[in-house]
Amino acid sequence: MIRQHLAILQVMLPMLCAPLCVFARRPVIAWLIATAATLFALAGSFILFAQALNAGVISYHLGGWAPPWGIEFRLDAANSFVLIIVSLVGAVCMIYGRDSIPREIKSSDQPLFYTMMMLCFSGMLGVTSTGDAFNLFVFLEIFSLSSYVLVAMGAGSDRRALTAAFTYLLLGTIGATFFVIGLGFIYVLTGTLNMADIAVRIAGMSGSGTLHVGFAFIIVGIGLKLAIFPLHLWLPNAYTHAPSVVTALLAGTSTKVALYALLRMLYTVFSPDLPFEALILHYLFLPLGLTAVFVASIIALFQSDVKRLLAWSSIAQSGYFLLGVSFANIGGLTATLVHMFNHAIMKSSLFLAVGCVVYRTGSCSVASFRGLGQKMPWTMSAFVIGGLSMIGVPATVGFVSKWYLVLAALERGWWPVAFAIVAGSLLALFYFGRVIEAAYLQPSPENSAVTEAPVSMLAPLWALTISCLALGINSELTVSTARAAAEALLAPHAGLPAHMGP
Amino acid sequence: MLAAGVISVLGAMVLALVRLFLGPSTYDRVLAVNMFGTKVILLIAIFGFLTGRPDFLDIALAYAMINFISTIAILKFAGYYKITEPMTRPPASSTIPARRPG
Amino acid sequence: MIIRIQNLFPVVMLSGAFSLLSAALFVSMDAVDVAFTEAAVGAGIATVLYLSAISLTGAIEKPPSGSRAIPLLVMTGLAAMLLYGTADMPAYGDANAPAHIHLMPEYITGTRTQIGIPNIVSSILASYRGFDTLGETGVIFTAGAGVLLLLRRGRPRRELANQGGNE
Amino acid sequence: MKHHLILLMAAKLMIPPILLFALYVQFHGDYGPGGGFQAGVIFASAFILYGLVFGLDELRRVAPLSAVTKLMAAGWGLYIGVGYAGVATGGMFLDYGRLSSDPIAGQHTGIFLVELGVGMAVASTMLAIYQCFAAHQSRELTDDEW
Amino acid sequence: MVNAFTSSIGHFNYWASVLLMTSGIYIVLSRGNLIKKIIGLNLFQVSVFMLFISMGKVTGGTAPILTGRHEIFSNPLPHVLILTAIVVGVATTAIGLALVVRIKYAYGTIEEDEILALDLAREQMDARAQ
């Protein structure tokens, strides 16, 4: 029975844990509940992925109503792939949080803090699983509202977390409202909110201004959440000032979920003809992606705060995502998906490593990294591996994603773009080089009594680092999964019930 | 007949809005808002009869309550500057400060 | 008007009045449930919330500074796009718009035969799209828990003392 | 010597009808406009009126924040619980059809419980938010901040 | 000419809500006061609600509550969506205002430019400290 209902339990079990955490009297109990829920979600997402590969599409009818009337959860290889990313990063962050969270959050706040973490986590799972466009908005709001609060929780150590959260709230709400406006336009045209049904009914029409404007609003709305280049203003501050666990969770997952929503809209709802043939969107995405890569990387070079440096690097990475999408071929899509998974692992492990440093030194400026190579060997070596991976050194996952991006660019015959991808990596070398140089070559300040981070934080960090290496050496697993996911995205009408067929 | 009622209520609403915009003192504005709320209630009631669904009087009733509560909140805020003090105590200052043009 | 006034107190009253007015509009467009909610939330709860926030933070707004060009530019762009988009929409009240003929008849008959309650909005809200409402309650719960997290403890002395420096 | 005696009496008289009206909106929502959310807001606004007139301390005595918080979680928990009941009775998540022997009666039960959960969650959340904001009113505004 | 006139009537509601929407966005972008920004955001959202409800209206229809006397109903689905959206709106407002209150405590002001100036001063202090 659990197998049959797994699609919904995967989301609803963590969601049920949110109110449960309110009742927990001691923080440890709340932590136990939350960790158990994320581990369940992790196991569930693997099973779901296997099921989706076998069955093609899993459709779960909520309330027992058939899809265009009721809401359905619609899982194919693409979303269950994203589910794995989200629940993996979520589980790792929760385990890591046992020692990290008490440092940054007051103990009386912790049960509610875990409630928020659970809401954020299950909101992201919901966005990923749902097959209904408005339901996607509702879950997006659960996830965004809780992440505003989570970012603001960094105010215990720095008041700038509050302004960061406020900016995030303003832009996030505008983004969500844009999404709703776009949805309204599409609804007027099609009379339905089910994504698959919209796709079928849109396929016949073209040239309607309402359709184009609706499409544009949806893309801009999601773009604000994804922090694609001109819409990224909220991201650096939010990532810099949030508590370490929150940053790792958001950096690893939130942009990935938004990216998934974007891909779903581009490929499934507005089947690729509209975005890429009628509106030639790739000519917009390509320059935006390139500017994002270069501008964000250059800004990252001048940051004195490591978290902020990593945040700018995230914006640069979202440029790579856009590049992959702009190739508008299956190779580019696969590369984007591979990079999505790899970036989630690398960026989370980097932020977790920075979290370890903050745990011991209380600061994350580049200066406070001086001499940590000797003092915190495990943390810093994990950081180095993560950094190398971001640069794209062979035998790390970063190399795999860059490799496939370059291949896809060559497949299109866009030589300069391939060259630009490599040049972007060079910039990454410089900004990571600064931190690593400080950690290994500069002497530590004299009277510092910094020691290695506790094992409970190192273990999850190294779990990510090892998978970063293992999947970098044996890339077959991620690439084949991503290819299956890409194919699922490009086959919009698969597995539709007869009354909804084209 | 009902249509005439709607029109006159709309006219009254416009007048209330004018007072709300111009209203030199806070009292004027509070009164205008309260009156505007009352007119909206009337409008909904008449509109319900006009379209043949008088069961929507429920909504008018709810509006009346909400309007009452928000007017009290506004007045209390005007008198006490804050909303925690019980109203069994006298207000902080007995006069509402004069409006500055704005 | 709401844009211009620099004292926030009348602005709040105005937005309360605006909310009531829009609720009346909703009634005239047959959306009674929405009107109900908008009045209760916009005129009631939101007004009280704004007032209490203002009484904590002060009610005088500084005159706006900086250039108006960029907001105006964004605004015109947005308006142009929206008008372009609405131009192709079915006219207001058109009974043959695709939105009214695709799923709607089934919802209406379904409410009669499958659910058996008169209020179609309730039946869609709680049953056909019950999962949305679950999420909606979740959003409210998130807001409640979030405000609790942010404001539960009294005024934080420490933040005042060192004005937010790193510890 | 009490100030605002008329207002105090009026508020005392108003609060019970408002609560009653909230209950009417809650349970009549299937037949007319209204439902859990609207009822929750009206229910909370009755308490807010009480708090406005009699002060926050008095409101805290009637509705302590910790209880309100638990009620908030319980309301949402009830909704999710109804969802799980659908799974437990052999249907889909949120499937009310099997909550009773007759599918239509089952729908009625399900909608009733769900609206109740929404009402509880909304009323207590609004109250909690109001209390949080009100608890911070410690500083006097000066006249020129107006 | 006549055609243009009727179509302008047919879309008047949409235009009105577009006007409100843009003024909402204008407030958010141009005003420095954080509470004003939230009010603008609210205005923006309410106008979106109007857009949706206008889409749902059917001429000659009545409120979607079955009575046995009426046969044409306005489209209830947008109403359902907007109910959800109103709830989301009030949730956002509550969290936004809570953040504003905390910002006031932490900075002593809720004007954007003053906050930016305070942050800048702090960053320069940090840079000097290193």
Side-chain angles (χ1 to χ4, degrees), chain C residues 2-3 8 11 15 22 25-26 29-34 37-38 41 45-46 49 53-54 56-57 61-62 64-65 68 71 74-75 78-79 82-83 86 89 91-93 95 99-100 104 107-108 112 118-121 124-125 129 132 136 139-140 142-143 146-147 150-151 155-156 159-160 164, chain E residues 7 10-15 18 21-23 25-27 29-33 35-36 39 42-43 46 50 53-59 61-67 73-77 79-80 82-84 86-88 90-91 93-95 97-102 104-106 110-111 113:
Chain C
I2 296 183
I3 307 175
L8 291 173
V11 173
S15 65
S22 59
L25 262 176
F26 291 153
M29 291 191 272
D30 297 339
V32 277
D33 281 271
V34 178
T37 318
E38 176 60 36
V41 168
I45 297 290
L49 284 186
I54 287 176
L56 289 168
T57 56
E61 183 194 13
K62 269 186 27 176
S65 56
R68 295 192 178 174
V74 173
M75 200 177 145
L78 194 71
L82 283 167
L83 289 178
T86 46
M89 274 193 189
Y92 172 73
H100 307 321
M104 220 27 60
Y107 276 133
I108 292 172
R112 272 204 189 98
N119 189 344
I120 307 176
V121 174
I124 297 181
L125 187 80
R129 296 186 69 87
D132 264 357
E136 169 199 320
V139 170
I140 272 292
T142 314
V147 173
L150 288 172
L151 292 182
R155 190 170 188 186
E159 270 181 33
L160 274 182
Chain E
S7 85
H11 290 87
F12 178 73
N13 273 39
Y14 302 144
W15 293 350
V18 167
M21 250 183 247
T22 46
S23 38
I25 283 282
Y26 178 75
I27 296 178
L29 292 178
S30 69
R31 299 292 133 155
N33 187 297
I35 290 190
K36 198 72 164 284
I39 292 178
N42 235 350
L43 185 63
V46 173
M50 285 188 184
I53 300 296
S54 313
M55 291 170 186
K57 170 75 182 170
V58 175
T59 311
T62 175
I65 296 175
L66 301 171
T67 53
F73 300 102
S74 283
N75 190 340
L77 192 62
H79 302 180
V80 175
I82 290 315
L83 276 179
T84 309
I86 289 179
V87 174
V88 169
V90 72
T93 308
I95 290 196
L97 287 176
L99 279 174
V100 172
V101 170
R102 287 289 299 269
K104 173 74 177 179
Y105 287 157
I110 53 167
E111 296 290 339
D113 44 354

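Just so it is clear, the values below take in all heavy atoms, side chains as well, and ignore hydrogens, waters and symmetry mates. Proteins get letters first, then strands, A, B, ... in listed order; numbering begins at 1 in each. Treat the numbers as computed from the prediction; the structure is a model and nothing was measured.
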TODO: Could you grab the distance from atom CD of C:E38 to atom CD1 of E:I82, nearest 0.5 Å is fine?
DONE: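 Going from the CD atom of C:E38 to the CD1 atom of E:I82 covers 10.0 Å.
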
TODO: Starting at CG of C:L150, measure out to OH of E:Y105 and round the result to the nearest 0.5 Å.
DONE: 12.0 Å

TODO: Name the region of E:T84, side chain, backbone, both or neither, that has any atom closer than 4.5 Å to a heavy atom of chain C.
DONE: both

TODO: Sort out for me which of E:T22, E:L77, E:I95 touches chain C most, counting heavy-atom pairs under 4.5 Å.
DONE: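 Of the candidates given, the most pairs with chain C belong to E:T22.
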
Task: Partner chain E: residue of C:V139, C:I45, C:V34 with the largest heavy-atom pair count (under 4.5 Å) - done: C:V34

Open item on the list: Within the 4.5 Å heavy-atom criterion, are C:E136 and E:V88 side-chain neighbours or not?
Closed with: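 They are not in side-chain contact.
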
Task: Residue list, side chain to side chain contact (heavy atoms under 4.5 Å, CB included) with C:V41, at least two apart or on another chain - done: C:T37, D:F37, D:V41, E:I86, E:V90

Open item on the list: Just to verify, what does E:V80 make a side chain to side chain contact (heavy atoms under 4.5 Å, CB included) with, not counting sequence neighbours?
Closed with: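 Listed in chain order: C:V121, C:I124, C:L125.
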
